[in-house]
Number of protein chains: 2
Amino acid sequence: MVNSRFAVAIHILSLIATTSDKALLTSDFIAGSVNTNPVVVRRISSLLKKAGLISSRKGISGYELTKKPEDISLYDIYRAVEEPKELFAIHQAPNPACSVGRQIGTTLTDVFGSVQQAMENELRSQTLQSILDRLK
Amino acid sequence: MVNSRFAVAIHILSLIATTSDKALLTSDFIAGSVNTNPVVVRRISSLLKKAGLISSRKGISGYELTKKPEDISLYDIYRAVEEPKELFAIHQAPNPACSVGRQIGTTLTDVFGSVQQAMENELRSQTLQSILDRLK
DNA sequence: TCAGTTGTAACTATAATGGTTACATCAAAT
DNA sequence: ATTTGATGTAACCATTATAGTTACAACTGA
């Protein structure tokens, strides 16, 4: 497998959304639920904070959502924790002396772009609230 | 970037489809167009061959498509060269003592599955022929 | 002042990937 | 038959991404 940051981010946000006593939500506590190291939680929380999805203050325990769960799409979360890289890489510098080599780059950019669009549209169609509904 | 096998596979198949003199299609020649090492080409060709998309014979130069370009979907190519792994990984062993931890696994499997479906459907909707059309 | 927490830098182990060398195997031309 | 040139594949290396970990500065409230 490649990368579980997205999954962990959703886990973290779900915990925050469903825990009424916010002071319980230390990175240690969250790490216990995710089953990882507290620093991993703080690292991902830091990304979610930069993206404006949660708030926290140094020295004080507790994280809070800054938006309602129905206003946080999975796309928002995805963009918060993933590098803005493409789904599929395109090999560098194909031979411009070859007809295929000359045009494959832009062609693949277009095609891969439409695939990525399809994926991102699906991510946009679901929210943290949809996740919470499924958890019940 | 992560993985350009898919892009290289499409490049290889496009070259095979558009080259009339099949004997020209050595791994060396293809590598010259892709701008990589011939072994990389043979490695990916081997996967395409296992998937039944092309044919070749040891000792004889030349690769050939075994199907018409309109009958090779991008999904077929994708499946030929990518490990059957999920788009997003799910963290292992979340805490079953926690309500979220207990249910997040199946929830994420469902949600990520629908996202992957969306992506794969888009891949199924395009073929090698659509790529060739764009190359003109 | 002190205990507990977040934020972050730094290091490590692991895994995936692409490039490379090497070589066995095979087919066709000579 | 020998030689030449090709595919098929194993093996190794360098690079990169990731998750886990240790360490510690900065901060808050008791």
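This structure is a prediction, so every number in the text was calculated from the model and none was measured. Each chain gets a letter, A, B and so on, in the order the sequences are listed, and its residues count up from 1.
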Is the phosphate of [N] approached by [X] (side-chain N or O, under 4.0 Å from OP1 or OP2)?
{"X": "A:S4", "N": "D:dA19", "answer": "yes"}
{"X": "B:S27", "N": "D:dA6", "answer": "no"}
{"X": "A:R5", "N": "D:dA19", "answer": "yes"}

Closest listed nucleotide, where the reference is the side chain of [X] and the choices are [options]:
{"X": "B:S56", "options": "D:dT7, D:dT18, D:dT9", "value": "D:dT7"}
{"X": "B:K85", "options": "C:dG7, D:dG8, C:dT17", "value": "C:dT17"}
{"X": "A:V39", "options": "D:dT7, D:dA23, C:dA27", "value": "D:dA23"}
{"X": "B:R43", "options": "C:dG19, C:dT8, D:dT9", "value": "C:dG19"}
{"X": "A:V40", "options": "C:dG19, D:dA19, C:dA27", "value": "D:dA19"}
{"X": "B:K58", "options": "C:dT25, C:dT6, D:dT22", "value": "C:dT25"}

Under the side-chain contact (heavy atoms from CB on, under 4.5 Å) rule, what do A:R134 and B:V111 come out as? Steps first, then yes or no, please. CA-CA 10 Å; A:R134 285 170 185 268; B:V111 172; 3.7 Å; yes
Whichever of B:T26 and A:I44 has its nearest DNA chain D nucleotide further upstream toward 5': B:T26
Find which nucleotide of DNA chain D each of B:G62 and A:G59 is nearest to by heavy atoms, and output the residue with the more 5' nucleotide. B:G62
Separation between CG of A:N37 and CZ of A:R42, rounded to the nearest 0.5 Å: 8.0 Å
Is the count of non-hydrogen atoms from other residues, nucleotides or ligands lying under 6.0 Å from A:E82 atom CD greater than 12? yes
Looking only at side chains, do A:T109 and A:T106 share a donor and an acceptor under 3.5 Å apart? no
Scan A:I30 against the nucleic acid and name what it touches under 4.0 Å (heavy atoms): base, sugar-phosphate only, or nothing. nothing
